[in-house]
Amino acid sequence: MNDRTTVDLLQGTLAALILKSLSWGSLHGYGIARWIEQITEDELLVEEGSLYPALHRLQARGLVTSEWTLSDTNRRVRCYTLTEQGRQQLRAELSRWERFSEVVTRALQSRRPRTA
Amino acid sequence: MSDGVRRERRIWRPDIGADIDAELAHHLDMRERDFRERGLSPVEAREAARRRIGDPTTIRREVRSIDERAARERRRAGMWTDFHQDMLYACRGLRRTPGFTAIAVLTLALGIGANTAIFSVINTVLLRPLPFPDADRLVFVWNTHDGQPEPLGPGRLRDLQTQVTSFASFAGISHISYTLTGDGDAERIAGSSVSSGFFDTLGARPLLGEPFHKGTADPSAVVLSERLWRRRFGADPSIVGRTITLNGRARQVVAVMPRGFVWPSITAQPSSADTGPELWVPGGPGDVPRTAVNEDLDVTGYRNTGYLRCVARLKPGVTLAQARAEVASVGARLSRMYPEDDGRGATLVGIRNQFAGAVERPLLVLAGAVAFVLAIACANVASLLLGRGAARRRDLALRRALGASRMRIIRQLVTESVVLAFAGGAAGLLLAWWGSTSLLSLTPPDIAGISRSGIDGRVLLFTLGIAVTVGIAFGLAPAIELSRDRLTDALAEGGTRTSGSRRTSRTRDVLVALEIAIAVVLLVGATLLVRSFIGLTRVDTGIDTHNLLTFDVSVTGDRAEYQSRQVQFYESLIQRLGAVPGVRDVGAAVTLPIGGDDFGTGYLIEGRPVPKTKLRAGYQIVMPGYFHAMGIRILSGRDFRSSDDRKAPPVVLVNETLAREQWPGLDPVGRRVRFDDDGQWMTVVGVTGDIRHLGPSVPPRPEVYQSVTQRSFPFIAFVVRTERDPYDVMPSIRRAVLGLDPDLPLSGVRTMDEHIARALAKPKFLSTLVAAFGGLAVSLALVGIYGMMSWSVTERRQEIAIRMALGASRERMLSMVLGRALLLASTGIAIGLAVAPIATRALSGLLYGITPTDPLAFALTGIALGAVAVLSALVPALRAARVQPAMVVKY
């Protein structure tokens, strides 16, 4: 595999990514993991040890619901869907992220202030 | 409806562990497939997938705990919303049927209210702590004579005090009336002369000052009750140290006891006593409480004079049974040592039994009666609920078909009945609060005397508990019954009678029959008690009580010293009173029947050997003319005369019963008897008619009468027969007495009828209340039968209409409904009459002149309830007869 920068996931970022992954429709757990891997071109390594707890926690908070469906290969698969509450949460996360990254970017790109 | 379905799903519990395993397995498989597609060998792909997921057990554990917590929270929230929704649903439903709700709540309020009121009295009298520390360790000690408790004498008091090791402390009490003079009118006050350790034994703390203690009592000290201090001394805060005059002697107030220090006058036989002592003074020589007969007498060595009530505190660790055994063995040993002890035994009674013993039984009977009323109320409401439920049957069946579990429906229906019960309980509490005030006015003094009853935390808790229990009790059966239906049964036929409603009808039949049975039991009890009470009021006491006034007088100072002066004084008082306009006859006696003192004595008959069991008789001391004033006949011989004085030969009269027992068929006049503790023979000069000295309920016993002119006491009771209402004449009587001596207190002014009413207060209280509860039970049963019959007529309207269309007459319909009611009633009555003898056995000691299985009472009750049943079915029956066939069938 190629060189890869591992970005530590900030607290809550995984949850935001999960919500985002479900914003186009239902997905099962593996699908969510794959989507994150693909969209970040494998730069973000999703720890599977934290993906499932995060998913179930979102479900307990009522942000996503799950339903057992049958796959093409006739297997029982648990699919997750965003709830209305989850959708609102995603919007909130998004705007917060934007403000956060804007502030951090500005801070990191700033020049040495001129002294009077 | 969709609401019901959604809620049902929550009850389905997924297998959390299996779900997680499936989810992770799917993840692994998918990852493995991806790796294979990228060209890894199957084995490598599986290995890589496993490496990638890490430790599956950790993930499983973490996810599992998240899911389980979430499930728990959901369930809790679900239960709360279920409950909340059931409550809303119940309230809405009850509001929609205000008639049903009002009847059910009223019925329950009557049942719960009656129970709460009686419990509040029981709580006060039997359960509330006595106002002494560690009151459970306090006991009363009595002699026993032929199995009957009686007061101790000074000799045995001192012997028991020194020889019984079970007692930490021990005190004798002697009830004495004191004349308080100075600071206003002379007044006679109930008091006690007590051993110096009295207050130490009780562990009572004073309100003011310091009461006397064991071994250090100043003989001239006096302790006042709070009531006396307030009433007579205006709650003077500087009372301690003041000197007051009691029986003409100066005494120094050392303490005032607090209001809670209530000490009923205790008698050996539980009886209705007046108010307790209001002051306490220390005993005389040898720390022996003084006698009422002669306050200055040194009685230390007396063994055969019993006048002491004794209270003791058990040593730590000694049980009541151990102490009782020890007291019995010491008592028996003393009787072997001292022939004067006359073979008496000794026993002890716990203080609570002593205080409440006389009222415990009546209160428990009342508790039983109100429990019956509550049972009827429950059956009634259960029956109403069933009838109401029949209308909702289809709704409930539909909900079940849509997934509501049976448990869920039962829970909802029971919630509804508990809501009803709470409403009934709240209304019942109001009733009880209002009722306990009037209950108190009915209460005999020894029930009310201990302290005012009231509604406290324990009573509230009791009512709450009863409401919940009752709500579940009467709600459960209908709930189980109504939740049984399947949709198909309920919907199959549009509104006609179904198998379900037939079953409901059967259940209601059983409930109504049960109700009637309980009402029968209660009514039989009430009939017995009322007839017993009426019997008591009609008993011939042997006294003509019409316009007969009584009052007590006691003499102090010089007059008390010499018996001859006492007699002189009493004679002049009788003369003066006889001259008062409106007074017809005057008499006087040391021991007045019914509510007065009572003495007893052993006696011997001249010329007969000393019998193995000693002859005993009541001992009465009366003035000449007493029998005439009281309306007591002299059957043979003569009354006392004033010439029967101390110098004349001693004489006695005996009553009819004694004469009959000792000289059957013979005239005792001229024969001689003597008291067993006195050597002098006394001649019987006359025989009197029997009277009931101890009250209407106690049959006459042998009596020996002696004349005050030959044996006098410093206190006496007068009886005055007046020509009109005695209380109209009372002011002139008082003037006449005070004209002779302004320092002479008149006390206990009461008519003989009032004395009798007081003696009958307890049976009156009990019979009135049980009769009231019996009436309540019957009216509830009436409502029950009425409700049941009108419901069944409504249910069967079509059937009735068809029958009438086919030619059945209106009369036939009428008799069909009435017949059914009568059948129900007679089943209930039969059961009730069969069970009643078991219940009325509890009344055996409380009945007078009637057995607990009195056939007349049973028959009357049966007939009365049968009539009530027919009466209450009449309206529904008439309605059935008025059904218009055409209308109903079309409809």
Side-chain angles (χ1 to χ4, degrees), chain A residues 1-2 4 6 9 12 14-15 18 21-22 26-81 83 85-86, chain B residues 6 9-10 12-40 42 44-78 80-81:
Chain A
M1 304 223 178
N2 49 3
R4 203 173 55 188
T6 315
L9 286 177
L14 177 58
I18 292 172
S21 71
L22 294 173
S26 303
L27 280 175
H28 47 64
Y30 183 72
I32 296 170
R34 279 305 298 150
W35 178 83
I36 296 175
E37 286 159 13
Q38 278 163 7
I39 212 73
T40 61
E41 288 164 346
D42 283 342
E43 274 180 51
L44 266 182
L45 195 64
V46 179
E47 276 287 344
E48 280 154 24
S50 41
L51 171 69
Y52 283 95
L55 250 177
H56 283 249
R57 228 174 263 127
L58 288 175
Q59 177 175 258
R61 286 170 59 197
L63 300 180
V64 303
T65 58
S66 68
E67 212 172 354
W68 288 93
T69 54
L70 285 181
S71 70
D72 323 334
T73 54
N74 234 10
R75 285 189 58 167
R76 240 158 59 82
V77 180
R78 183 178 235 167
C79 278
Y80 295 87
T81 314
T83 63
Q85 213 186 333
Chain B
R6 196 181 40 172
R9 194 185 290 150
R10 270 191 222 116
W12 173 67
R13 287 188 198 175
D15 184 344
I16 292 173
D19 283 358
I20 297 167
D21 287 345
E23 196 171 13
L24 292 179
H26 175 251
H27 185 101
L28 271 172
D29 288 352
M30 296 293 282
R31 180 73 80 191
E32 193 184 321
R33 201 183 65 191
D34 276 4
F35 281 145
R36 270 208 313 274
E37 279 168 9
R38 286 192 212 172
L40 292 176
E44 283 170 334
R46 177 160 307 162
E47 282 299 301
R50 288 241 171 99
R51 264 200 312 280
R52 185 71 195 268
I53 201 164
D55 179 14
T57 34
T58 320
I59 300 175
R60 191 184 300 124
R61 196 167 41 224
E62 198 176 341
V63 170
R64 193 186 175 118
S65 83
I66 293 167
D67 282 7
E68 275 171 353
R69 195 180 314 128
R72 267 201 306 278
E73 267 162 26
R74 260 200 317 276
R75 269 203 303 279
R76 203 173 307 140
W80 182 243
T81 28

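To find a chain, count down the sequence lines: A is the first, B the second, and so on, and within it residues start at 1.
- Proximity to chain A is absent for every atom of Arg60(B), based on heavy atoms less than 4.5 angstrom apart.
- For Leu28(B), no part sits under 4.5 Å from any heavy atom of chain A, backbone or side chain.
- Distance check: Ser66(A) OG to Glu23(B) CD gives 7.5 Å after rounding to the nearest 0.5 Å.
- Pro53(A) and Ile59(B) get closest at one heavy-atom pair: CD-CG2, 4.3 Å.
- The two residues Arg78(A) and Asp19(B) have their closest heavy-atom pair at NH2-OD2, 4.1 Å.
- Once rounded to the nearest 0.5 Å, the distance linking CG of Asp29(B) with CZ of Arg75(A) reads 4.0 Å.
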Applying side chain to side chain contact (heavy atoms under 4.5 Å, CB included), run through Glu62(B) and Arg57(A) and close with a yes or a no. CA-CA 10 Å; Glu62(B) 198 176 341; Arg57(A) 228 174 263 127; 3.1 Å; yes
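- Residue Glu37(B) qualifies as enclosed at atom CD: its count of foreign heavy atoms under 6.0 Å is above 12.
- In terms of heavy atoms, Gly29(A) sits closest to His27(B) at C-ND1, 4.3 Å.
- For the pair Arg31(B) and Arg34(A), the minimum side-chain heavy-atom distance is below 4.5 Å.
- Side-chain N/O atoms of Tyr30(A) and Asp34(B) include a donor and acceptor closer than 3.5 Å.
- Taken to the nearest 0.5 Å, the NE2 atom of His56(A) stands 12.0 Å off from the CD atom of Glu68(B).
- Only the side chain of Ala33(A) comes within contact range of chain B, with at least one heavy atom under 4.5 Å from a heavy atom of that chain.
- For Arg61(A), no part lies under 4.5 angstrom from a heavy atom of chain B.
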